[in-house]
Number of protein chains: 2
Amino acid sequence: MSKKYRSDAMTAIHETMEALHKVGAIDKQTMRRFDDACLTPVQPLSAKQIKALREREHVSQTVFANYLNVTPNLVSKWERGEKRPSGPALKLLSLVDKRGIAAVA
Amino acid sequence: MSKKYRSDAMTAIHETMEALHKVGAIDKQTMRRFDDACLTPVQPLSAKQIKALREREHVSQTVFANYLNVTPNLVSKWERGEKRPSGPALKLLSLVDKRGIAAVA
DNA sequence: CATTCTATAGGACCCGGTACTATGTTCCAA
DNA sequence: TTGGAACATAGTACCGGGTCCTATAGAATG
């Protein structure tokens, strides 16, 4: 127990898979496909969906922005459709959508 | 119980705070300060820290990129110091740092 | 051997995100 | 009632983060 891990099940699974891979029971290809299979899908969100999402969490635009580490102005633009979140921002919004805002606190 | 909530403690606390706010026991200012106090701080990460973070999770650049919903090329640039993550990307990396990669799966 | 996965590299490019300022409204305290 | 925050929206200007493309080389696979 020299190393310290903070994630629970996922880490254990990954370590097991990695061990199996080292032994040769699993190739890298299936290893990668395994990783991808674990991911929550990220679908684009409309302006209305973002606004509804924020209101569902009962937070203001400013507080919402603080959670996502962006500016309140950007949240305003998302909700008005002036800008569309993409990449990391979309991933964060998906996390909030699927798991609630506490998941990104 | 018409509404359905997926986050646990945080939601309960927020609802309680919101109720107190509606009654008038708490003003918006303290409400916002409460929200901010719940957030995990986001500090900038160096190229080496990002690389170490990814290797700690035992995943390749490609898989790591999939988790963060960015391109593998960008992860490469982060680790070489060509680009520096900011805003939402930095928040995601902080989440991985504090809670493990399973937190953003 | 051939082939795939991996990491790195560089260039071009778009638009996401930031900073700044300004307006009107709602809310709170004096 | 008045003044002052906090809130939401708005507009502009701008930087650089992130994407897409292609290419190389090493390591792992079969």
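Numbered from 1 within each chain, the chains take letters A, B, ... in sequence-line order. A quick note: this is a predicted structure, and the numbers were derived from the prediction, not measured.
- In this structure, CG in L92(A) is found 8.5 Å from CG in N69(A), a value given to the nearest 0.5 Å.
- In this structure, the side chains of V75(A) and P72(A) stay at 4.5 Å or more apart for every pair of heavy atoms.
- For the pair K91(B) NZ and dT18(C) C1', the interatomic distance rounds to 18 Å; values are reported in whole Å.
- In this structure, the CG atom of N66(A) is 13 Å from the C1' atom of dA6(D), given to the nearest Å.
- For the atom pair OG (S46(A)) and CG (L53(A)), the distance works out to 10.5 Å, reported to the nearest 0.5 Å.
- Distance alone, capped at 3.5 Å, is enough to place a donor-acceptor pair between the R54(A) side chain and the V59(A) backbone.
- Side-chain atoms of K98(A) come within 3.5 Å of backbone N or O of P41(A) as a donor-acceptor pair.
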- What dot-bracket string describes DNA chain C from 5' to 3', counting Watson-Crick and G-U wobble pairs whose defining distances are under 3.5 Å, with [ ] for crossing pairs and | for pairs to another strand? |||||||||||||||||||||||.|||.||

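- Residue pairs that meet the salt bridge (Lys or Arg N to Asp or Glu O under 4.0 Å) test with at least one member in residues 59-77 of chain A, sequence neighbours left out, are K77(A)-E82(A).
- Judged purely by atom type and a 3.5 angstrom limit, K91(B) has no side-chain atom pairing as donor or acceptor with the backbone of V70(A).
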- Item | Sequence-aligned protein contact record of nucleotides 15-22 of chain D, with B where the base is within under 4.0 Å of a protein heavy atom and S where only the sugar-phosphate is | --BBBBB-

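- Contact annotation: the side chain of L93(A) approaches that of W78(A) to within less than 4.5 Å [non-hydrogen atoms, C-beta and beyond].
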